[in-house]
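Structure, as structure tokens:
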Amino acid sequence: MLAEWISAWLPNVRLAPLLKATEDTLYMTAMAGAAVFVLGLLLGTALHLTSPGRLLANRPLYWALSTLTNVFRAIPFIILLVLLIPFTRAVVGTILGVNAALPALIFGAAPFYARLVELAFREVDRGVIEATRAMGGGIGTVVFRVLIPEAAPALVSGLTVTLIALVGYTAMAGAIGAGGLGHLAYLEGFQRSRRDVTLAATLAVLLIVFVIQFLGDRLARRLDKR
Amino acid sequence: MITLDQVSKIYHAGGRRIAAVDEVSLAIPAGRVTGIIGQSGAGKSTLIRMLNGLEKPSSGSVLVAGRDMGRASGAELRKARLKIGMIFQHFNLLWSRTARANVAFALEIAGIPRAERRARVEELLRLVGLEGREDAYPAQLSGGQKQRVGIARALANAPDLLLCDEATSALDPQTTDQILDLLSEINRRLGLTIVLITHEMHVVRRICDHVAVMEAGRVVEEGLVSEVFAAPKQPITRRFIRQTAEEGGFDPALAPPEGALLRLTHAAEGGEAQASAFSEAVLKLGLRANLLQARLIQTPEGPSGEIVAHLPDPSQARPLAGFLAARGIGVDILREA
Ligand SMILES: Nc1ncnc2c1ncn2[C@@H]1O[C@H](COP(=O)(O)OP(=O)(O)O)[C@@H](O)[C@H]1O
Ligand SMILES: [Mg+2]
């Protein structure tokens with residue numbers, strides 16, 4: 001039925017390439033998202049703990065981490081893609097295809113998520129951390145049993161925002177050879193003047209974004225016991 | 001139990017030097033309830049936080065159960081903290097955990113196996129009167145219930161010492177009294193030492209055996225509650241006593257300037273015992289005596305009647321005190337001249 005509908009309204013759209021492109025976009029978003037979650041959580045935790053007045057307060061270290069984060073966040077993604085070409089070639093072995101997009105996606109989004117993690121942890125009640133220390137808890141207890149669970153709704157909301165940004169990044173990466181819906185919209189649609197292909201790719205991106213937003217909001221609300 | 005020797009804590013903020021705690025020496029007895037009272041900014045929180053090493057003294061030594069809390073660090077300090085419970089003005093519960101899981105948290109930190117944790121948590125929640133609310137999240141509990149969870153959590157690892165930082169200051173008067181009575185009961189049943197800080201005289205009166213009065217980082221007066229408040233030496237202490245006078249307590253400053261003042265107390269008999277013994281004494285000894293105040297108050301030993309009498313002739317104070325003491329009435333001579 002979908003096939004009939006498509007051939008009637010979007011004459012140039014072929015289902016197989018559209019599904020493949022969607023799959024590629026989802027693959028890039030998921031792989032990069034997983035790496036960004038882990039790296040962002042690590043970097044965000046380091047930022048939080050070393051910031052002034054916190055458990056491992058360390059001005060020079062905080063300054064260094066903070067500057068690094070800001071630099072990567074400040075570079076426009078399309079420029080980061082180009083800048084990382086030598087690195088990507090060395091690590092992935094090629095600069096084309098879905099895997100070649102991953103380094104840039106990760107470097108682009110991890111610092112962004114790290115800041116959101118830092119922000120989320122800063123909102124955790126200091127009194128609870130104090131109580132944990134008073135009970136004999138160490139840094140590990142504070143991070144894994146207090147900061148992460150108490151900030152969970154904010155961590156999930158932050159991840160939702162980050163994943164949606166990643167979908168946007170994959171589209172840009174697609175335009176320069178990574179594949180996915182961005183590739184479909186730009187190379188197959190725009191450059192060949194097939195507006196219906198661009199439209200179909202756009203609808204697919206919108207659908208992905210809405211689903212991520214919906215699931216993220218639901219999970220965040222479920223975790224919120226305040 | 002706790003010995004503070006010349007303890008100071010100096011902060012530097014904005015180029016200024018603040019002595020939050022200033023050369024405090026204090027011995028806190030084991031198994032009793034000791035109150036540290038002082039106005040906001042007096043250094044109470046800083047002092048109590050040095051008892052579990054959340055704050056390190058700038059100089060002096062803090063000995064708790066023989067351990068120097070100022071020098072302890074790392075694993076040794078964390079181990080010592082398992083035996084020192086603490087409760088807070090704003091409860092400081094994890095809102096992502098239920099009441100049960102909040103109490104279990106303290107046991108997890110101590111490395112208690114899961115099966116053992118379950119039974120212990122039930123027992124603790126029963127102790128603080130929270131049966132039926134075990135699965136509620138803090139957001140679903142009232143202030144008093146949250147503090148009960150806080151108390152259960154603080155008692156989880158069977159501490160020898162319980163620190164209370166303004167534990168009732170966020171509660172309404174009725175809830176305050178319930179929590180204070182719970183603390184008093186815990187002190188009696190478990191025999192643990194309680195140190196509490198407060199800016200409310202009522203709290204000290206109701207459950208403390210000992211009191212230390214703090215002002216600008218210093219302990220200016222200390223001793224048994226009955227003694228310190230019967231004969232306050234410092235203006236700040238008198239100010240605190242006036243605070244309870246406003247709540248219905250006796251204010252010596254309002255008494256006639258001449259003559260003796262006596263306070264008669266008798267626990268557990270609702271005040272009738274000393275009232276009748278008092279009138280008997282007045283008749284038998286042919287005294288001239290004025291009743292300044294009579295009321296019922298809550299003390300660590302239970303409800304107690306309190307009568308304050310004024311004798312225009314101070315020489316009659318001793319005979320009256322002797323007569324009443326022989327009938328089991330507690331007599332404080334507040335003023336003999
Ligand atoms: N971390 C800190 N840095 C600077 N000054 C502090 C700090 N903690 C407390 N103080 C100061 O020490 C004094 C005593 O504070 P505190 O112990 O909290 O008093 P209290 O609990 O009796 O209200 C106050 O003047 C306060 O501003
Ligand atoms: Mg305080």
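All figures in this text were calculated on a predicted structure; none of them were measured in a lab. Sequence lines set the chain letters: A, B, ... in the order given, protein chains first and strands last, and positions in each chain run from 1.
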Option that, when pairs with chain A are counted at under 4.5 Å, heavy atom only, ranks first among B:Leu163, B:Ile87, B:Leu94, B:Leu54: B:Leu94

Counting heavy atoms not belonging to B:Met1, are there more than 12 under 6.0 Å from its CE? yes

Taking atom types as modelled, which donor-acceptor pairs link chain A and chain B at under 3.5 angstrom?
residue, atom, partner, partner atom, Å
A:Gly127, O, B:Asn92, ND2, 3.0
A:Glu130, OE1, B:Arg49, NH1, 2.5
A:Glu130, OE2, B:Arg49, NH1, 2.4
A:Arg133, O, B:Arg81, NH1, 3.3
A:Arg145, NH1, B:Glu108, OE1, 2.4
A:Glu150, OE1, B:Trp95, N, 3.2
A:Glu150, OE1, B:Trp95, NE1, 3.3
A:Glu150, OE2, B:Trp95, N, 3.2
A:Glu150, OE2, B:Ser96, N, 2.9
A:Glu150, OE2, B:Ser96, OG, 2.5

For chain B, find its close neighbours in residues 107-120 of chain A: heavy-atom separation under 4.5 Å, sorted by number, or none. none

With only heavy atoms counted, which part of A:Leu223 is less than 4.5 Å from chain B, the side chain, the backbone, both or neither? backbone

Please identify, among A:Val128, A:Val124, A:Val146, the residue contributing the most non-hydrogen atom pairs under 4.5 Å to chain B. A:Val128

Heavy-atom proximity to chain A below 4.5 Å, by part of B:Leu93: backbone

A:Arg218 atom CZ: more than 12 heavy-atom contacts under 6.0 Å: no

More than 12 heavy atoms of other residues, nucleotides or ligands under 6.0 Å from CZ of A:Phe77: is that the case? yes

